[in-house]
Enquirer: 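First the structure, then my questions, so here it is.
Each chain gets a letter, A, B and so on, in the order its sequence line appears, and its residues count up from 1. These numbers were taken from a predicted model, which means no experiment stands behind them.
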Amino acid sequence: MSSELRYTANTQLEHLHARYTGTGHADLTKWEWLTHQHRDTLSSIVGHPTLASYLAIADGESIGRVKFEMTERMLQPCGPPPAKDD
Amino acid sequence: MHLYNLTLQPPTAITQAIVGNFSGARHQEIIVSRGTRLELLRPDVQTGKVSTVIASDVFGEIRSLAAFRLTGGTKDYAIVGSDSGRIVILDYDPRTSSFVKVHQETYGKSGARRIVPGQYLAADPKGRSVMISAMEKAKLVYILNRDAAANLTISSPLEAHKNNAIIHHIVGLDVGFENPTFAALEVDYSESDQDPTGEAFNAAEKMLTYYELDLGLNHVVRKWSEPTDPRANLLVQVPGGQLASSDRYDGPSGVLVCCEDHIIYRHMDAPQHRMPIPRRRHPLEDPDRGLIIVAAVMHKMKGAFFFLLQSEEGDLYKVTIDHDEQDVKAVKIKYFDTVPTASSLCILKSGFLFVASEFGNHYLYQFQKLGDDDNEPEFSSTDYPGYGMADPTMPLPRAYFKPRPLDNLTLVDELESLDPIVDSKVMNILPNSDTPQIFTGCGRGARSTFRMLRHGLDVEEVVSSDLPGIPNAVWTTKLKEDDEFDSYIILSFVNGTLVLSIGETIEEVQDTGFLSSAPTLAVQQIGANALLQVHPQGIRHVLSDRRVNEWRVPQGKTIVAATTNKRQVVVALSSAELVYFELDLDGQLNEYQDRKAMGSTVLALSIAEVPEGRQRTPFLAVGCEDQTVRIISLDPESTLETISLQALTAPPSAICIADMLDAGINKTQPTTFVNIGLQNGVLLRTVLDPVNGQLTDTRTRFLGTRPIRLLRVMVQRNPGILALSSRSWLNYTHQNLMHFTPLIFENLDYAWSFSAELCPEGLIGISGSVLRIFQIPKLGTKLKQDAIPLEYTPRKFVSHPTSGLFYIIEGDHRVMGDAAVREHVENLREQGKMIDDDIVNLPPDQFGRPKAPAGTWASCIQIIDPVEAKTIETIHLDNNESAFSLAIVPFAAKNGELHLVVGTAQDTFLAPRSCTSGFLRTYRFTDDGRGLELLHKTETNDVPMAVMAFQGRLAVGVGKSLRLYDMGKKKLLRKVENKTFSSAIVTLNTQGSRIIVGDMQDSIFYVVYKAPENRLLSFADDSQSRWITATTMVDYNTVVCGDRFGNVFVNRLDAKVSDQVDDDPTGAGILHEKGLLAGAPHKTDMICHFHVGDIITAIHKVSLVAGAREVLLYTGLHGTIGILVPFVSKEDVDFISTLEQHMRTEQISLVGRDHLAWRGYYVPVKAVVDGDLCETFARLPANKQSAIAGELDRTVGEVLKKLEQLRVNATSHSYVGVFDGNITHLTTCHSTDSDISALSSCSVKIFRNMEED
């Protein structure tokens, strides 16, 4: 079971979360939400040729490099998760 | 306000290209994706020219393309991955010249989402299956097969998902006829998402995973998964599998894993081979910077294969693998050549390399050799311990090469591309031009250009020569029916005729049988081998043995007009009589017994060419002084009987009947068009019914101010029509559709086809006393481009209001300026380093400039003369400064003297945005604008991204603040500031005391300047946040904006609020008003919204022809140029919207994207009709066309006419020009019902004007 679903017993919702990565839930932390947002944004940049061109022109890099760095950043776009208090 | 969106120039960028035998014939074709369009290109193996066969808007975003061929097949299919949530297999049908959707399978939601497949495609090399993958987790495998009737079948998808895995790339493995296997490059993030210490993140491994499709069990298994280099980015298929005939292996199979700085050969149960990617030995290279491969292509020849890999610098490397059957002995890499950095590389079997550049023009190269025996250093995996894998965590020692000009490749063709258009302007600068030109700053880095675009066809002059007098007509003629080329040029002067023969040289000939003492009216090669000359006194029939049969006009009469074809001659006499001649079977020209009296002087005559296999053409068109055109029968049953009559608005000056193919009217047969040119410069085009001779479907167009002359010419072996007025126009068929485009050339007085060995498909024309032979190289294009090279990526430009010069700012990130380069090289020399000047001095437009760390900038200001097409001056910025904005400002403090203000910043970092200091450089114009003198630099605390003249002062957007500056002696003086903006001000526009501020992330703000209190107050903003890229004011209350996601929208402020703000003298009311939704007190209404699919970089409110209606013209990053045309009447809106609805249900999107969802990608489309979709009506099958037209209560012809009218009215002269229908006017018209009735009354008035005209 993924972390988001630790406290959820609703199996239908569970199914939904398993199927659609990035779906939010009531106990989502700020870091998780941000990470999802960034991953969605980064994959959107790679997926839309105009956006990738736009960034490549601004940054002076090749489009291939921009796509590569964006994909690399998807691994951990917002730094490590905050330490748990307990 | 209702707008009609029309694309004038579709995007020119290529995001991906694939090669294959898509037509099933022997030659290979290339399918390219232009982001939202799919094109089939065909390189001509003989000439090396690339031509577009078909282009089709897909109304969706193409994300991936792959070609595959079923085992044993001869034809390739294309698979398209897009944002439609569907996989589509396309077949190119050469018979109808169109893409046919063979399969369309839905697998997920639409949109370029993280976990919906479509981003990557990999096909099994034997064409048995295909894998389609998302950026994360989802991978689907489809099995491709044939059914009993040999039709392509596709299975339901098999899942190969892996949760929490980011996918970098996938590729189909070449395993011969074993189970299809795919390799994927994946990173799992589940552990690093759980570990707050960050150790798991650092230890995250990039896995190379094989997925095997078990064809027997019909499922996909993860067969093998091993960690590879953590900076791997690309996989390349390595040939493998056994040949069917022998037991030999094609290759070792496996993949090349392209990593940063390294390339690794990898296969299951086989040793790895690693070698470095050679780098340029540039003294200024950044040693901390890795090098990645961005494009790769594998090419198989008989018994051998090689790879071409391209680095991000543009260098091509040739990689070869030494192998013994399945065992790899060594992998070798060497420098091959340098070409522009590509988004895709394609190798054709005929020895060409197609480079689809990521920015700028695309190129076709021919292989001269394969770099086999040259002195380039080669790096082999065997040179390194353990084949380079002794310690995989340590980088290998770096390898170097010396870049050099092309050696293995030669350039054979270039496809022009505007991509990227960074900024544009529309204005009429050229002398003698009645239409404005579009100026664009295009390209990236050292390959940037400043281009001037003109509407029209490019003309290539072959020869021009002065003549002794001014001829009034020119013809060319063959001597015999089956001659390949023309032999004579005949020039008619006021008092004589000159005959020139075409040979090695062009010289005068005497004994041709032509009468030289009189002007000529018509020349025709008639019958098998005779010639015909019509002159005012008679007709000369010159037989092949030079005998002349002459027919003389009766005393006191002359011939005033004549028309001929291979078998028929009609002449009109000054007595308004028609005389008809026809060739009999013996080659004798016989006069028809009766003459036809017309009752009014004949001004123009025309008959069509003799249809193939017929004796004669049955129709003659006669234009008379009484403003009529009559169609007269030449049929033996009813010779010289009048069939139909058309009234005109002015006397005709020329008529031309031509049979031309127009798929919009008839897809299989040429249609007979009667073109009638009037003396007032208007051209009427009507369709002649071949059965009853009636004229239908009249379309009109204004061509110019002179009486029109019409000439039938051959354009690439198809009939076309040249229409000459104050501009020359060519009407021709290209890709089965009719085009009507002006020629960008000297005004022509007369023209004719010209065919000789040197110029087989040319035209000959006279302008004044000059004879010109020319050809039209790029049929189908509508814009002619003239380019001026630039130093760096253009950012913005402005034009001088009086001198017509352009000032353009350019800047490149991660590039050192020339001065910095010289300084560094000097430093290195002083340190005793050996500097290879060859490398330092490599031309940057071919090799680029060395990459420097982030925060390094090269920038300059250039002055460009667009008329002379040259750069006048270049001012380089020093101290790592880069220019971001510029404006021409008449400072009131200097009595309105114009100054150029350039906003720059030093040591700028982009994300997060920072700089050590921003500057406003103030320049004075010297030498009438041809020079600039720096007056002073004013420091700012952030990057000034937008500057603008405002009421004799300067308005500047410095980061989040809007400021007004006035001119001072040593600096600009800050007068007032407003710091309430959200992220960064990127655009400024003004009217009166209102300033429209475009914020980078937060849409637009309406700001008012209250002079008495010296206040800048933001009083209205947008309720949505938008990433603004371009804005223009449509009227005082309305703005049109483009955003970063490819949308264009129009926002309007309530007129009451506007008045209220303007009536408040001090602005105290606004100051104390309560903010709404954490912003300004008032919100704008969105009144139009449309997804263009390209990032809009500039919008202009212009009229494309002097006096015509104003339209909104936008330019997009990928090279799109489009217009938004306001509708003039409610009826038009209803009609076109209904047509659009019907077109939507036709589901014409080639990628299966729902049209409404595409145009409403981020926000539902509002009050904009997609003209591109409506215009595809012309390509629908006839039964669908008539069904839709029936629903609209119109005929197909009427619908097509309406569509053409909408395009023509917006882009060229039209009758509606008499009505000053600017957008502001229209907006008021649409606001209330009573106004609508007012509008319809004005449209009635226009109609009457048309009739009267």
Enquirer: May I ask you to test the B:T1029-A:Y54 pair for a side-chain heavy-atom distance under 4.5 Å?
Expert: yes
Enquirer: Please enumerate all residues that pass salt bridge (charged side-chain N to carboxylate O under 4.0 Å, His left out) together with B:R1044, with sequence neighbours excluded.
Expert: none
Enquirer: Please look at B:N163 and chain A and tell me whether the side chain, the backbone, both or neither of the residue comes under 4.5 angstrom of a heavy atom of that chain.
Expert: side chain
Enquirer: I'd like to check A:K84 versus B:P196 (side-chain heavy atoms, cut-off strictly below 4.5 Å). Are they in contact?
Expert: no
Enquirer: Do the side chains of A:S53 and B:F359 get nearer than 4.5 Å, heavy atoms only?
Expert: yes
Enquirer: Go through the atoms of A:A56 and report whether side chain, backbone, both or neither lie under 4.5 Å from a heavy atom of chain B.
Expert: both
Enquirer: Which heavy atom of B:P230 sits nearest to which heavy atom of A:E72, and what is that distance?
Expert: O-OE1, 3.7 Å
Enquirer: Given a strict heavy-atom distance threshold of 4.5 Å, which part of B:E313 is in contact with chain A: side chain, backbone, both, or neither?
Expert: neither
Enquirer: Where does B:I1095 contact chain A at under 4.5 Å (heavy atoms): side chain, backbone, both or neither?
Expert: both
Enquirer: With a 4.5 angstrom heavy-atom cut-off, is it the side chain or the backbone of B:D193 that approaches chain A, or both, or neither?
Expert: both
Enquirer: Calculate, to the nearest 0.5 Å, the distance between atoms OH and OG1 belonging to B:Y189 and A:T21 respectively.
Expert: 5.5 Å
Enquirer: For A:Q37, look at atom CD and say whether over 12 heavy atoms of other residues, nucleotides or ligands are found less than 6.0 Å away.
Expert: yes
Enquirer: Between B:R34 and chain A, which part of the residue has a heavy atom less than 4.5 Å away: side chain, backbone, both or neither?
Expert: neither
Enquirer: Side chain from CB out, backbone as N, CA, C, O: work out which of these in B:A852 comes under 4.5 Å of a heavy atom of chain A, or both, or neither.
Expert: neither
Enquirer: State, with a plain yes or no, whether a side-chain heavy atom of A:I63 is found less than 4.5 Å away from one of B:V294.
Expert: no
Enquirer: Taking side chain as everything from C-beta outward and backbone as N, CA, C, O, which of these in B:E136 sits under 4.5 Å from a heavy atom of chain A? Side chain, backbone, both or neither.
Expert: side chain
Enquirer: Are the side chain of A:R65 and the backbone of B:E312 linked by a donor-acceptor contact shorter than 3.5 Å?
Expert: no
Enquirer: Hey, which of B:I292, B:L1117, B:D195 has the most heavy atom pairs under 4.5 Å with chain A?
Expert: B:I292
Enquirer: So which part of B:L291 gets closer than 4.5 Å to some heavy atom of chain A, the side chain, the backbone, both or neither?
Expert: backbone
Enquirer: Among B:T341, B:N233, B:T1097, B:I293, which residue has the highest count of heavy-atom pairs closer than 4.5 Å to chain A?
Expert: B:N233
Enquirer: Does B:K109 make a cation-pi contact with A:Y20, if we ask for NZ or CZ under 6.0 Å from the ring centre and within 45° of the axis?
Expert: yes
Enquirer: Looking at every heavy atom in both B:T793 and A:I57, which two are closest together, and how far apart are they?
Expert: CG2-CG2, 4.0 Å
Enquirer: Under 4.5 Å from any heavy atom of chain A, what part of B:E358 do you find: side chain, backbone, both or neither?
Expert: both
Enquirer: Are the aromatic rings of A:H48 and B:Y1161 close, with centres under 6.0 Å apart?
Expert: yes
Enquirer: Determine the option with the most heavy-atom pairs under 4.5 angstrom with chain A, choosing from B:K851, B:Q119, B:H169.
Expert: B:Q119
Enquirer: Please classify the contact between B:R795 and chain A as side chain, backbone, both or neither, with a heavy-atom cut-off of under 4.5 Å.
Expert: side chain
Enquirer: Are A:R39 and B:M135 packed together at the side-chain level, in the sense that at least one heavy-atom pair is separated by less than 4.5 angstrom?
Expert: no
Enquirer: Is there a side-chain contact between B:I167 and A:T71 in this structure, where contact means two heavy atoms from C-beta onward sitting under 4.5 Å apart?
Expert: no
Enquirer: What closest approach, in Å, do A:P49 and B:T15 show between heavy atoms, and which atom pair accounts for it?
Expert: CB-CG2, 3.4 Å
Enquirer: Before accepting this row, confirm whether a basic side-chain N of the pair A:D40/B:R113 lies closer than 4.0 Å to the acidic partner's carboxylate O.
Expert: no
Enquirer: Is it the case that B:H813 and A:E61 place a side-chain donor and acceptor less than 3.5 Å from each other?
Expert: no
Enquirer: Which bit of A:P82 comes within less than 4.5 Å of chain B, counting heavy atoms only: side chain, backbone, both or neither?
Expert: backbone
Enquirer: Among B:Q16, B:K206, B:R814, which residue forms the greatest number of heavy-atom pairs with chain A at distances under 4.5 Å?
Expert: B:R814
Enquirer: In terms of heavy-atom proximity below 4.5 Å to chain A, should B:L234 be classed as side chain, backbone, both, or neither?
Expert: neither
Enquirer: Please look at B:P11 and chain A and tell me whether the side chain, the backbone, both or neither of the residue comes under 4.5 angstrom of a heavy atom of that chain.
Expert: neither
Enquirer: Need one label for B:S192: side chain, backbone, both or neither, based on atoms under 4.5 Å from any heavy atom in chain A.
Expert: both
Enquirer: Within 45° of the axis and under 6.0 Å from the centre of the six-membered ring of A:F68, does NZ or CZ of B:R231 qualify?
Expert: no
Enquirer: State which residues pass salt bridge (charged side-chain N to carboxylate O under 4.0 Å, His left out) with A:R73; sequence neighbours excluded, sorted by chain then number.
Expert: none
Enquirer: If you measure from OG1 on A:T50 to CD on B:E61, what distance do you get to the nearest 0.5 Å?
Expert: 5.5 Å
Enquirer: Does any backbone or side-chain atom of B:I166 lie under 4.5 Å from a heavy atom of chain A? Answer side chain, backbone, both or neither.
Expert: side chain
Enquirer: Only pairs of heavy atoms separated by less than 4.5 Å count here; which of B:R63, B:K137, B:H1118, B:E260 has the most with chain A?
Expert: B:H1118
